[in-house]
Amino acid sequence: MPIPIILDCDPGHDDAVAILLAVASPKIDLRAVTTCFGNCALEDATRNALQILDVAGAPEVPVAAGASGPLSGDQALGNYVHGASGLDGPELPPPSRAADPQGAVALMASVLDAADEAVTLVVTGPMTNAAQLLRDRPDLISSITEVIFMGGSTERGNHTPSAEFNTYADPEALDEVLQTGLPVRMVGLNLTHQALATQAVVDRMRAMPHQVGQTCAAWMGFFGDSYHRVWEFDAPPVHDPCTIAALIDPEVIEWRDAFLAVELDGTWTRGETVVDLHGRYADRRPNARVALTLDVQRFWSLVFDALDRLGARGD
Ligand code: RIB
Ligand code: CA
């Protein structure tokens, strides 16, 4: 049976690949896409999500806009990586439709209320919408299978030396979700930095005989230039689709149960995820599953298969 999911995201080049992967896979039932500030302002992320679903040939998937800023603290944006539009690179047609005016939290709640089984919440941007949903509708905790999120790191950060962007953008939101006791899986930079869109990967996309592959190759081109300019990477880590890949193929990632906390007050470390992989906090039981190792070839096979599936639909 396909896994029902809500994908909450801030597209964003790597969020775009996550959306394509979710739409393409017969193992995923994408019930809704909700958007959040993050890689760009909310209105841009929402427009981008609509355009990406048009690229994927999935205009039927509902989209609604959520938070334009964090629960508390200042707004951080990632346009320095994703460009002015949040999805710079290939020119895309304007969205074929508008977003659902009810908003992200209402859409999430309506999907969960209507579901006859628990739904997986995938978060690939700041955790703000998920936290707001659980504030407004704590009764829905039992309707959520798990929260699997791209964010944090067992090692260094990226937006700051110690904090990954998504957890930096709203650490209080992640902390609130962790406090609910919901099953949480963290896909951090330590994992996603294994998912590099190398020249061979981009060449494979560019060789695909359909527009979906060409568009994705162009996104990787812009994303790769940013990652080289900002962090001196030779190839961009495609973070967000790692969450979807883990749902499609449970063997693609190796996990470890660990105590996970997020720093809220550190002068230099706000937003850092603290992951106790070796039980050093004797009084803290594991509260999350943390991704450690990616089967890289298996991951890219999933992505290429998804692009070809979408390309075949579009032809
Ligand atoms: O730090 C990487 C994460 O922040 C990814 O989800 C990227 O899309 C941005 O949201
Ligand atoms: Ca993202």
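Basis for what follows: all heavy atoms, side chains included, without hydrogens, waters or symmetry-related copies. Note that the coordinates shown come from a computational prediction; the quantities given were computed from them, not determined experimentally. Whatever order the structure lists ligands and atoms in, that order sets their numbers, starting from 1.
For a distance threshold of 3.0 Å, the protein N, O or S atoms nearer than that to the Ca ion (ligand 2), listed by chain and number, are D10 OD1, D15 OD1, D15 OD2, T124 O, D240 OD2.
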Quick one: table the atom pairs, ligand 1 N or O against protein N or O, below 3.5 Å, distance rounded to 0.1 Å.
{"from": "ligand 1", "atom 1": "1 (O)", "to": "N158", "atom 2": "ND2", "distance (Å)": "2.8"}
{"from": "ligand 1", "atom 1": "1 (O)", "to": "E164", "atom 2": "OE2", "distance (Å)": "2.6"}
{"from": "ligand 1", "atom 1": "4 (O)", "to": "N166", "atom 2": "OD1", "distance (Å)": "3.2"}
{"from": "ligand 1", "atom 1": "6 (O)", "to": "T124", "atom 2": "O", "distance (Å)": "2.9"}
{"from": "ligand 1", "atom 1": "6 (O)", "to": "N166", "atom 2": "ND2", "distance (Å)": "3.0"}
{"from": "ligand 1", "atom 1": "6 (O)", "to": "D240", "atom 2": "OD1", "distance (Å)": "2.6"}
{"from": "ligand 1", "atom 1": "6 (O)", "to": "D240", "atom 2": "OD2", "distance (Å)": "3.1"}
{"from": "ligand 1", "atom 1": "8 (O)", "to": "D14", "atom 2": "OD1", "distance (Å)": "2.6"}
{"from": "ligand 1", "atom 1": "8 (O)", "to": "D14", "atom 2": "OD2", "distance (Å)": "3.0"}
{"from": "ligand 1", "atom 1": "8 (O)", "to": "D15", "atom 2": "OD1", "distance (Å)": "2.9"}
{"from": "ligand 1", "atom 1": "8 (O)", "to": "N39", "atom 2": "ND2", "distance (Å)": "2.9"}
{"from": "ligand 1", "atom 1": "8 (O)", "to": "D240", "atom 2": "OD2", "distance (Å)": "3.1"}
{"from": "ligand 1", "atom 1": "10 (O)", "to": "D10", "atom 2": "OD1", "distance (Å)": "3.1"}
{"from": "ligand 1", "atom 1": "10 (O)", "to": "D10", "atom 2": "OD2", "distance (Å)": "2.9"}
{"from": "ligand 1", "atom 1": "10 (O)", "to": "N39", "atom 2": "OD1", "distance (Å)": "3.4"}
{"from": "ligand 1", "atom 1": "10 (O)", "to": "N39", "atom 2": "ND2", "distance (Å)": "3.4"}
{"from": "ligand 1", "atom 1": "10 (O)", "to": "N166", "atom 2": "OD1", "distance (Å)": "2.9"}

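A 4.5 Å side-chain heavy-atom check between M220 and V238 finds at least one atom pair inside the cut-off. When side chains are defined from C-beta on, I5 does not count as touching R31, because their heavy atoms never get closer than 4.5 Å. Counting heavy atoms from C-beta on, the side chains of R270 and D265 never come closer than 4.5 Å.
Using a distance-only test at 3.5 Å, with no hydrogens or angles considered, no donor-acceptor pair links the side chain of N287 to the main chain of G181. Not one N or O on the side chain of E164 forms a donor-acceptor pair closer than 3.5 Å with the backbone of G157.
A donor-acceptor pair shorter than 3.5 Å cannot be found between the side chains of N79 and N39. N129 and T34 are not linked by any side-chain donor-acceptor pair at a separation below 3.5 angstrom, with hydrogens and angles left out of the test. When only modelled atom types and interatomic distance are considered, T124 and D15 share a side-chain donor-acceptor pair under 3.5 Å. With hydrogens and angles left out, the side-chain atoms of S110 and D113 include no donor and acceptor closer than 3.5 Å.
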